[in-house]
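Heads up, the thing below is written out as C-alpha cells.
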Amino acid sequence: MSSQGHRIVIVGDSIAGCTAAREVRARGHDGPLTMIGADADGCYAKPPLSKHVLKGEAAEAQTWDLSDLDITSIVDRATTVDTGRRIVTTVDGTDVPYDALIVATGASARRIAGPDRAGETVLRTFADVRALRSKLDEARTAVIVGAGFLGMEIASACASRGIAVTVVDVDPPLKRLLGPFLSDAILARAASASVEFVKADKPVSLTGDPVVGIEVADRVLTADLVVTCAGDVPETSWLDGTGIADGHGVGIDEHCATTVPEVFAAGDVAYSRGTSSRAPFWSNAVAQGKVAAASALGLEPTCAPADDYFWTEILGLSIKVVGPLPLQGDPTVLEGSVEDGSALLQWSHEDGRITIVAFGIKKPVGLLRRLARERAVPTT
Ligand SMILES: Cc1cc2nc3c(=O)[nH]c(=O)nc-3n(C[C@H](O)[C@H](O)[C@H](O)COP(=O)(O)OP(=O)(O)OC[C@H]3O[C@@H](n4cnc5c(N)ncnc54)[C@H](O)[C@@H]3O)c2cc1C
C-alpha cells in the first residue's frame, strides 16, 4: 500500500502505541508516522516491573527497539488536540499535524491522598519502580492499600525481601476479578507466606504528611512504607475540551474509532462504548493497538479489539486466565489440585463461554486458549 501523504500520529509510546506503530508498517503504510511519548525511559513493558524488576531479579525494564519502523519520535507530553485543524500540540509548543490520530496515553496510578500530600508511593512506571526498589532496601514493614493483582504482586516482592507486609482492602485479594474461589486460595497462600490481610469496612484514608500509615476502621496502621494500589485513571487530561474523552476515558467502537473523525484509541485509556467498561490489561492493549492501526489506514482489522487473556504472579504462583471475568462459584478441576498450588481449572458461564485458569501449573497460553474455545457451548 502506498500512503505517502497520509500522516499518522500516535500519542503514547507504551504497548498500545508501539503495537499500533508496528501494525501501521506491517499493513503497508510507507507514509509519515510520528510517535509522541512522555516517558523519558522510552518504550518498555510494564508487567515485569512489579514482578522481576521490583524483586531485583531484573535490573532494567524490558525495552523495545522500533528503529526499523522509520518513526519520527518526539519525547514530550501532548497537551492538546485541535480536532478541526487536525493538529496535536506538545508541551514545548511543537505542532504535529495528522490525517489520522491514535490516542494511546494509557492510565496513571490512582492516588488516595491529595496531590499536595508527600510520601504516597504508587507504581506505574519504571521511574516509580526505581524509587520503590530503593525504599524496599530500607523498609522493614510495609502496608499495601489494595489487594488487586498489583497490590498482591508488590506484597509478594516485599515478602520475598523479608519485609513484614500487610495488605488492606474492602474485598479479599483479587475477589473482584477472580471471584471467591481463587481469592480464598490466594488468601491461604498469603497467610502461609506471612502476608497479613486486613479487610476494611470502607475505603481507607492515609495518615501523616508525609504519609506514614493508614486509618482502617478504628485502627491506625503505620509502616516504614505505604504503597497505594487503588487502580488507575485514564490519561485524558490533555484531551479536555476536544470531545474525544469523557469521564470514563476515550470511548471506542469495534474499530477502535472514537466519536471524533479520524481519531482512534487503544489500550488503558480506552473503554468500549458498547459495554461502557474498561479492561486495562496487556492483551487488550495489544489487540486494540492492532485494530486502531488498521482503522487509521482505512483497512479492515485482522483481529477483534479485545483479548481476554490475563496473567499475574503472586507469591511464587503464576496464574494465567483465558476467558471472561469476573469468575463466580466453584470451578471444575481439570487437572491437579488448588490445595497443592498446581491446578488447571474451568469455569462455565451462563452464556456458554468458558474461562480456563492455570493456577500455579505450567501450561502454554495457546493450550488454554484452545481449551476455552473447544469447551465453549455454542448458543444459537
Ligand atoms: C506494574 C504493572 C504491572 C502490570 N502487570 C500486568 C500483568 O501481569 N498482566 C496484564 O495483563 N496487565 C498488566 N498490567 C497492565 C498493562 O501493563 C497495561 O494494560 C498496559 O501497559 C497498557 O498499555 P497502554 O499502552 O495502553 O498504556 P500505558 O502502559 O499506561 O502507557 C501509556 C504511555 O503514554 C504516555 N503518555 C501519557 N500521557 C501522555 C501525553 N499526554 N503525551 C505523550 N505521552 C503520554 C505515558 O508516558 C506512557 O508511556 C500491569 C501494569 C502495571 C503498571
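Numbering of ligands and ligand atoms starts at 1, following listing order.
Crowding of Arg117 atom CZ: a count of heavy atoms from other residues, nucleotides or ligands under 6.0 Å exceeding 12. By the neighbour-count criterion of 12 heavy atoms within 6.0 Å, atom CD of Glu374 is densely surrounded, having more than that number from other residues, nucleotides or ligands.
Thr236 places a side-chain heavy atom less than 4.5 Å from the side chain of Val250.
For ligand 1, the atoms sitting less than 4.0 Å from at least one non-hydrogen atom of Ile36 are 43 (C), 44 (N), numbered in the order shown with element in parentheses. Within ligand 1, counting atoms from 1 as listed, the ones closer than 4.0 Å to a heavy atom of Ile15 are 20 (C), 21 (O), 22 (C), 23 (O), 25 (O). Of all the atoms in ligand 1, the ones that sit under 4.0 Å from a non-hydrogen atom of Asp39 are 47 (O), 49 (O). Near Leu123, with a cut-off below 4.0 Å to any heavy atom, the atoms of ligand 1 are 1 (C). If you number the atoms of ligand 1 from 1 as listed, the ones under 4.0 Å from a heavy atom of Val11 come out as 42 (N), 43 (C). Taking every non-hydrogen atom of Gly267 and a distance limit under 4.0 Å, the qualifying atoms of ligand 1 come out as 26 (O). Near Ser50, meaning under 4.0 Å from any of its heavy atoms, are these atoms of ligand 1: 1 (C), 2 (C), 3 (C). Below 4.0 Å from some heavy atom of Asp76 lie the following atoms of ligand 1, by number and element: 43 (C).
Annotation: side chain to side chain donor-acceptor pair (under 3.5 Å) contacts involving residues 274-285, sequence neighbours excluded, comprise Asp232-Arg278, Ser272-Thr275, Thr275-Ser277. Screening residues 201-249 for ring-ring contact (aromatic ring centres under 6.0 Å, His included), with sequence neighbours left out, gives His248-Tyr271.
Ring geometry for Phe310 against Phe149 counts as perpendicular: the plane angle is over 60°, on a 0 to 90° scale with 30° as the lower cut.
A salt bridge does not link Lys290 to Asp307: none of the charged nitrogens lies less than 4.0 Å from a carboxylate oxygen. Classification of Glu153 and Lys51 as a salt-bridged pair holds, one side-chain N sitting under 4.0 Å from a carboxylate O. For Asp137 and Arg161, the salt-bridge test passes: some basic side-chain N is under 4.0 Å from an acidic carboxylate O. We find that Arg133 and Asp128 are not joined by a salt bridge, their nearest charged nitrogen and carboxylate oxygen being 4.0 Å or further apart. At a threshold of 4.0 Å, the pair Asp68-Arg22 counts as salt-bridged, since one of the basic side-chain nitrogens sits closer than that to a carboxylate oxygen.
Checking Glu120 against Thr228 by side-chain atom types alone, a donor-acceptor pair falls below 3.5 Å. Thr94 and Asp92 share a side-chain donor-acceptor pair at under 3.5 Å.
Annotation: atom 37 (C) of ligand 1 to nearest protein heavy atom, Thr105 O, 3.3 Å. Lys46 CB, 4.1 Å is the protein heavy atom nearest to atom 51 (C) of ligand 1. The protein non-hydrogen atom at the shortest distance from atom 27 (O) of ligand 1 is Gly106 CA, 3.2 Å. Shortest contact from atom 35 (C) of ligand 1 to any protein heavy atom: Gly12 CA, 4.0 Å. Scanning the protein for heavy atoms near atom 31 (O) of ligand 1, the closest one is Ser14 CB, 2.9 Å. Shortest contact from atom 16 (C) of ligand 1 to any protein heavy atom: Trp282 N, 3.9 Å.
Note on Leu327: it clusters hydrophobically with Leu345, by side-chain heavy-atom contacts below 4.5 Å among ILVMFWY residues.
Taking distance alone, with nitrogen or oxygen atoms compared against 3.5 Å, Leu150 stays at or beyond that limit from ligand 1. Geometrically, ligand 1 and Thr312 share no nitrogen or oxygen pair separated by less than 3.5 Å. For a threshold of 3.5 Å applied to N or O pairs, the pair formed by Trp311 and ligand 1 contains at least one separation below that value. For ligand 1, one of its N or O atoms has an N or O atom of Ala16 under 3.5 Å away.
Here the side chain of Asp169 pairs no donor or acceptor atom with the backbone of Gly146 at under 3.5 angstrom. Put simply, the side chain of Arg25 gets close to the backbone of His29: a donor and an acceptor are under 3.5 Å apart.
Note that Lys46 lies in the cation-pi zone of Tyr44, set by a 6.0 Å cut-off to the ring centre and a 45° limit from the axis.
Considering only non-hydrogen atoms, atom 15 (C) of ligand 1 lies nearest to Pro280 out of Pro280, Gly37, Gly289. Across Ala78, Ala104, Cys18, heavy-atom proximity to atom 41 (N) of ligand 1 is greatest for Ala78. Considering each of Ile154, Asp268, Asp13, the one bringing a non-hydrogen atom nearest atom 18 (C) of ligand 1 is Asp268. Of all the listed residues (Arg278, Arg124, Gln288), Arg124 holds the heavy atom that lies closest to atom 53 (C) of ligand 1.
Using a 4.0 Å cutoff on heavy atoms, Ala107 counts as a contact of ligand 1. Proximity of Lys51 to ligand 1 is established by a heavy-atom distance of less than 4.0 Å. Proximity of Phe149 to ligand 1 is established by a heavy-atom distance of less than 4.0 Å. Contact annotation: Thr90 has no heavy atom less than 4.0 Å from any atom of ligand 1.
Residue contacts with ligand 1, taken as heavy atom pairs separated by less than 4.0 Å, do not involve Ser283 at all. Residue contacts with ligand 1 for Phe281 involve both N, CA, C or O and side-chain atoms from C-beta outward (heavy atoms, distance under 4.0 Å).
Within 4.0 Å of atom 43 (C) of ligand 1, at least one protein heavy atom is present.
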